[in-house]
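The first residue of the sequence shown is numbered 1, and numbering continues consecutively from there. What you see is a predicted model; the values in this text were computed from it and never measured. Both ligands and their constituent atoms are indexed starting at 1 by order of listing. Values reported hereafter were calculated over all heavy atoms of this structure, with side chains retained and with hydrogens, waters and symmetry mates removed.
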Amino acid sequence: MPIFNDLNLKNWKESEIWTDSLWIISKRDKSEKHNGFYHGNFVPQIPHQIILRYTKKNDIVFDPFLGSGTTVYEAENLNRNFIGIDIQKKLVDYVGKNIEPKNNFSDLITGDSAKINTFEKVKESLKNHKKKKIQLAILHPPYADIIKFSDLKDDLSNIKSLKEFLEKFSIILKNTIEILEKDRYLVIVMGDKYTAGKWIPLGFYCMNEAQKLGLTLKSVIIKNMEGNRAKQNKEAIWRYRALSSDYYIFKHEYILIFKY
Ligand SMILES: C[S@@+](CC[C@H](N)C(=O)[O-])C[C@H]1O[C@@H](n2cnc3c(N)ncnc32)[C@H](O)[C@@H]1O
């Protein structure tokens with residue numbers, strides 16, 4: 001049995017864990033607490049698959065970009081402990097009201113994930129539970145400034161230059177690695193963007209930041225982005241724009257799997 005999950009290889013044929021690098025997810029899981037209200041959230045199937053694949057029951061899952069809490073609800077469903085951070089207090093309060101810790105803990109912190117004092121609170125939470133390290137980190141940052149999440153100056157989505165965005169993201173990676181158990185996994189979910197007629201490969205740049213910090217790249221998963229534009233009836237206009245220009249329309253984002 002792998003040391004990093006609860007998979008019983010004797011019954012491997014029954015496992016629900018996906019092993020291909022192309023994830024075509026046609027429908028968002030809207031069960032239980034996943035109501036999908038938050039613009040910029042990810043589908044629950046992403047944390048569900050990653051948590052099953054890379055953690056055991058009672059391990060600690062860490063998410064420095066909590067958002068609407070998709071990851072914490074999956075951690076809760078799968079009996080994992082959780083520590084999460086978001087810069088927006090109102091989100092942390094909202095998610096906090098929805099969680100129902102039973103045998104596991106879910107600690108939520110309001111703060112800037114690039115700041116040392118925020119990570120001091122993470123370490124305090126670990127200490128309170130008599131734990132030293134986390135076993136899995138899932139990072140779903142803003143895709144630079146594509147969606148503005150808040151007016152807060154330390155919000156990554158308010159950074160205007162790519163260089164500064166990557167510098168700040170790298171600090172958050174570094175803070176996260178410091179609390180990650182050796183031989184465990186860190187996952188980045190990221191999309192690209194267009195600016196001034198250029199494709200900006202944010203996914204590759206973020207991958208590069210993680211590799212610079214010594215993480216080993218284990219997989220690059222491509223996930224489809226079906227749905228959002230269809231929901232807003234914008235597919236036709238995007239297709240017209242693409243045909244009348246020279247680019248392709250984003251249909252994918254990256255799930256980058258690293259081992260520490
Ligand atoms: C892409 S969303 C995460 C969505 C989440 N995975 C979900 O499913 O709801 C990114 C989040 O990062 C938060 N954020 C932006 N800058 C931050 C920072 N410096 N520290 C902590 N959180 C930050 C935003 O408030 C936003 O909720």
Side-chain angles (χ1 to χ4, degrees), residues 23 25 28-51 61-77 82-99 106-122 125 136-161 164-176 179 186-193 202-203 206 209 223 225 227-228 250 253-256:
W23 290 8
I25 304 172
R28 162 180 285 275
D29 170 8
K30 287 199 173 150
S31 63
E32 300 183 41
K33 295 172 187 168
H34 297 303
N35 62 20
F37 80 93
Y38 193 48
H39 185 46
N41 61 9
F42 53 23
V43 294
Q45 287 95 326
I46 294 177
H48 182 81
Q49 282 294 323
I50 294 168
I51 291 170
V61 178
F62 173 68
D63 178 351
F65 303 101
L66 175 78
S68 58
T70 315
T71 306
V72 66
Y73 301 147
E74 277 310 307
E76 203 174 60
N77 287 344
F82 181 87
I83 303 175
I85 305 169
D86 202 283
I87 199 160
Q88 295 186 67
K89 185 177 182 310
K90 64 171 187 223
L91 278 177
V92 173
D93 290 347
Y94 169 82
V95 177
K97 281 190 195 126
N98 283 331
I99 50 178
S106 295
D107 286 356
L108 309 183
I109 296 161
T110 303
D112 175 357
S113 292
K115 297 244 163 83
I116 294 292
N117 65 341
T118 310
F119 268 74
E120 289 306 324
K121 290 184 192 154
V122 175
S125 152
L136 169 70
I138 301 180
L139 289 81
H140 183 213
Y143 300 171
D145 57 355
I146 292 182
I147 297 176
K148 183 181 172 69
F149 284 100
S150 73
D151 288 324
L152 300 166
K153 81 168 176 22
D154 292 321
D155 182 329
L156 259 73
S157 66
N158 287 324
I159 300 178
K160 288 294 163 229
S161 94
E164 271 174 62
F165 173 81
L166 293 173
E167 278 167 6
K168 186 149 178 170
F169 181 62
S170 174
I171 293 172
I172 297 174
L173 279 174
K174 223 182 285 168
N175 290 344
T176 303
I179 55 164
L186 180 150
V187 176
I188 300 172
V189 181
M190 196 70 203
D192 294 336
K193 71 168 211 162
L202 289 175
C206 289
E209 293 304 321
K223 186 227 149 234
M225 273 176 60
N228 288 351
F250 293 122
E253 49 206 340
Y254 308 95
I255 301 168
L256 308 168

Main-chain N/O of S150 paired to N158 side chain as donor or acceptor, under 3.5 Å: yes
Donor-acceptor contact below 3.5 Å, side chain K33 vs main chain N98: yes
Those atoms of ligand 1 less than 4.0 Å from some heavy atom in L91: 27 (O)
Main-chain N/O of S113 paired to N175 side chain as donor or acceptor, under 3.5 Å: yes
Pair F42 and F65, ring centroids less than 6.0 Å apart: no
Structural part of Y38 in contact with ligand 1, heavy atom criterion under 4.0 angstrom: side chain
F149: numbered ligand 1 atoms lying under 4.0 Å from its heavy atoms: 1 (C), 2 (S), 24 (C), 25 (O), 26 (C)
Nearest-contact summary for atom 9 (O) of ligand 1 - protein heavy atom, Å: S68 OG, 2.6 Å
Numbered atoms of ligand 1 (with element) below 4.0 Å of D112, judged on heavy atoms: 18 (C), 19 (N), 20 (N)
More than 12 heavy atoms of other groups within 6.0 Å of K174 NZ: no
Location of contacts on P141 toward ligand 1, heavy atoms closer than 4.0 Å: backbone
Proximity to ligand 1 by part of T118, non-hydrogen separation under 4.0 Å: neither
Shortest non-hydrogen contact from Y143 toward E253: OH-OE1, 2.7 Å
Shortest protein contact, atom 12 (O) of ligand 1 (heavy atom only): F65 CD2, 3.4 Å
Ligand-residue contact atoms, ligand 1 with G111, heavy atoms, under 4.0 Å: 20 (N), 21 (C)
Protein residue, atom and distance nearest to atom 15 (C) of ligand 1, heavy-atom basis: D155 OD1, 3.2 Å
For D192 against L202, the heavy-atom pair lying closest together: OD1-N, 3.0 Å
Heavy atom of the protein closest to atom 6 (N) of ligand 1 (residue, atom name, distance): H140 ND1, 2.9 Å
Nearest heavy-atom neighbours spanning E164 and I159: CB-CG2, 3.4 Å
Contact with ligand 1 for P64, non-hydrogen, under 4.0 angstrom: yes
Atom indices of ligand 1 within 4.0 angstrom of G40 heavy atoms, with elements: 1 (C), 2 (S), 4 (C)
Per-atom contacts of ligand 1 with P142, taking only distances under 4.0 Å to non-hydrogen atoms: 10 (C), 12 (O), 15 (C)
Protein contact to atom 16 (N) of ligand 1 [nearest heavy atom, distance to 0.1 Å]: L156 N, 3.0 Å
Nearest-neighbour protein heavy atom for atom 14 (N) of ligand 1, which is reported as residue plus atom name and distance: I87 CG2, 3.8 Å
Ligand 1 to Q88 polar contact by distance, N or O atoms, under 3.5 Å: yes
Heavy-atom closest contact (G67 atom, Y38 atom, distance): CA-CE2, 3.7 Å
From L173, D63, V189, L256, residue fulfilling side-chain contact (heavy atoms from CB on, under 4.5 Å) relative to L139: L173
For atom 11 (C) of ligand 1, closest protein heavy-atom neighbour: D86 OD2, 3.6 Å
Atom indices of ligand 1 within 4.0 angstrom of N41 heavy atoms, with elements: 4 (C), 7 (C), 8 (O), 9 (O)
Other residues, nucleotides, ligands: >12 heavy atoms within 6.0 Å of K153 NZ: no
Closest protein heavy atom (residue, atom, distance) for atom 7 (C) of ligand 1: T70 OG1, 3.3 Å
Close-contact set for ligand 1 against D154 heavy atoms, below 4.0 Å: 19 (N)
Min heavy-atom dist V189 to ligand 1 below 4.0 Å: no
Whether D107 side chain and V122 backbone form a donor-acceptor pair below 3.5 Å: no
Aromatic plane relationship, F165 with F169 - under 30° parallel, 30 to 60° tilted, over 60° perpendicular: parallel
